[in-house]
Amino acid sequence: MPPSLNIISDPRTKILVVDDNRPAAMSLTWAMETQGYDVMTCFDGPEALSIADDFLPQVILLDIGMSVMDGLEVCRRIRADPLLSGTVVYAQTAWGDALMRKQTREAGFDRHITKPINLDSLLILIGSDEQRRH
């Protein structure tokens, strides 16, 4: 069921969802699409880097615990890419402890969201980040 909030400020905002858990990735993609966002989905780090360079998302929802290339490394590479300098990157992870939060900050993530993701809270954060960009 879609969330009750619809706080999208720019329906052309592009979001890249990256998670090696396919059902979780597709569920989050669907939720973002129902809010009017332009969404692409992928399931590993190398694919995320390739898609991001072509898609140029404003927001990336990036899982940390992926097997091919973890989200920390993906984020570091995104931060090193001038084409993606304005992209807001959200860590989405089951790990919410202080050490993991420190690691996500050091890797260059803008936000740390602990799974399971509260969709209404996520939409508020994305809306807030959209407002700051404009």
Side-chain angles (χ1 to χ4, degrees):
M1 169 178 254
S4 57
L5 291 175
N6 189 337
I7 51 97
I8 188 168
S9 61
D10 185 351
R12 295 163 300 186
T13 295
K14 295 190 229 178
I15 297 177
L16 176 59
V17 174
V18 185
D19 196 326
D20 61 350
N21 178 326
R22 288 175 184 260
M26 297 313 297
S27 178
L28 187 54
T29 295
W30 175 80
M32 295 292 100
E33 287 174 341
T34 63
Q35 295 300 308
Y37 290 107
D38 182 5
V39 185
M40 290 197 71
T41 309
C42 62
F43 309 106
D44 66 49
E47 185 182 19
L49 294 170
S50 176
I51 289 173
D53 273 344
D54 293 330
F55 186 52
L56 299 176
Q58 285 89 16
V59 175
I60 299 176
L61 303 173
L62 178 57
D63 183 34
I64 298 295
M66 297 185 293
S67 58
V68 175
M69 177 188 298
D70 72 29
L72 297 169
E73 180 60 25
V74 174
C75 188
R76 285 190 215 51
R77 292 184 188 199
I78 287 167
R79 290 300 175 223
D81 186 338
L83 289 174
L84 301 170
S85 64
T87 303
V88 178
V89 185
Y90 291 68
Q92 54 167 338
T93 178
W95 303 310
D97 60 87
L99 176 60
M100 182 51 67
R101 289 181 181 279
K102 179 179 185 286
Q103 289 176 336
T104 57
R105 261 191 321 277
E106 289 172 352
F109 283 91
D110 297 288
R111 298 196 181 267
H112 186 110
I113 301 170
T114 305
K115 293 179 181 180
I117 295 172
N118 178 298
L119 191 54
D120 286 344
S121 297
L122 177 60
L123 292 171
I124 289 168
L125 289 174
I126 291 172
S128 169
D129 289 333
E130 288 175 323
Q131 293 298 322
R132 285 198 329 241
R133 275 198 322 269
H134 297 311

Give a yes or no on whether [X] and [Y] share a hydrophobic cluster (residues Ile, Leu, Val, Met, Phe, Trp, Tyr; joining criterion: side-chain heavy atoms under 4.5 Å apart).
X      : Y     : answer
Leu72  : Met66 : yes
Ile126 : Ile60 : no
Ile15  : Val89 : no
Leu16  : Met69 : yes
Ile78  : Ile51 : yes

Report the distance from atom [atom1] of [X] to atom [atom2] of [Y], rounding to the nearest 0.5 Å.
X      : Y      : atom1 : atom2 : result
Met32  : Asp38  : CE    : CG    : 13.0 Å
Arg111 : Arg105 : CZ    : CZ    : 13.5 Å
Glu106 : Arg76  : CD    : CZ    : 9.0 Å
Glu73  : Leu49  : CD    : CG    : 8.5 Å
Met40  : Leu56  : CE    : CG    : 11.5 Å

Smallest separation among heavy atoms of [X] and [Y], with atom names:
X      : Y      : answer
Glu47  : Asp44  : N-OD1, 2.8 Å
Gly71  : Leu62  : O-CD2, 3.5 Å
Ala91  : Phe109 : N-CD2, 3.2 Å
Ile113 : Tyr90  : CD1-CD2, 3.1 Å
Gly108 : Cys75  : C-SG, 3.5 Å
Asn118 : Asp120 : OD1-N, 3.1 Å

Checking side-chain contact (heavy atoms from CB on, under 4.5 Å) between Asp20 and each of Asp63, Val68, Asp70, which is the one that passes?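 Filter result, single survivor: Asp63.
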
For the backbone of [Y] and the side chain of [X], can you confirm whether one donor and one acceptor N or O come within less than 3.5 Å of each other?
X      : Y     : answer
His112 : Thr93 : no
Gln58  : Lys14 : yes
Ser27  : Pro23 : no
Thr87  : Pro57 : yes

Side-chain contact test, heavy atoms from C-beta onward, threshold under 4.5 Å: evaluate it for Gln92 versus Leu28 and give yes or no.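 With C-beta onward as the side chain, the pair touches.
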
Under a 4.5 Å cut-off applied to non-hydrogen side-chain atoms, are Thr104 and Trp95 in contact?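 Contact flag for Thr104/Trp95 side chains = no.
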
Could you go through the side-chain contact (heavy atoms from CB on, under 4.5 Å) check for Asp129 and Val59 one step at a time? CA-CA 9 Å; Asp129 289 333; Val59 175; 5.7 Å; no

Tell me, with the steps shown, if Val18 and Leu61 meet side-chain contact (heavy atoms from CB on, under 4.5 Å). CA-CA 6 Å; Val18 185; Leu61 303 173; over 6 Å; no

Verdict with reasoning, Asp19 to Lys115, per side-chain contact (heavy atoms from CB on, under 4.5 Å): CA-CA 12 Å; Asp19 196 326; Lys115 293 179 181 180; 2.9 Å; yes

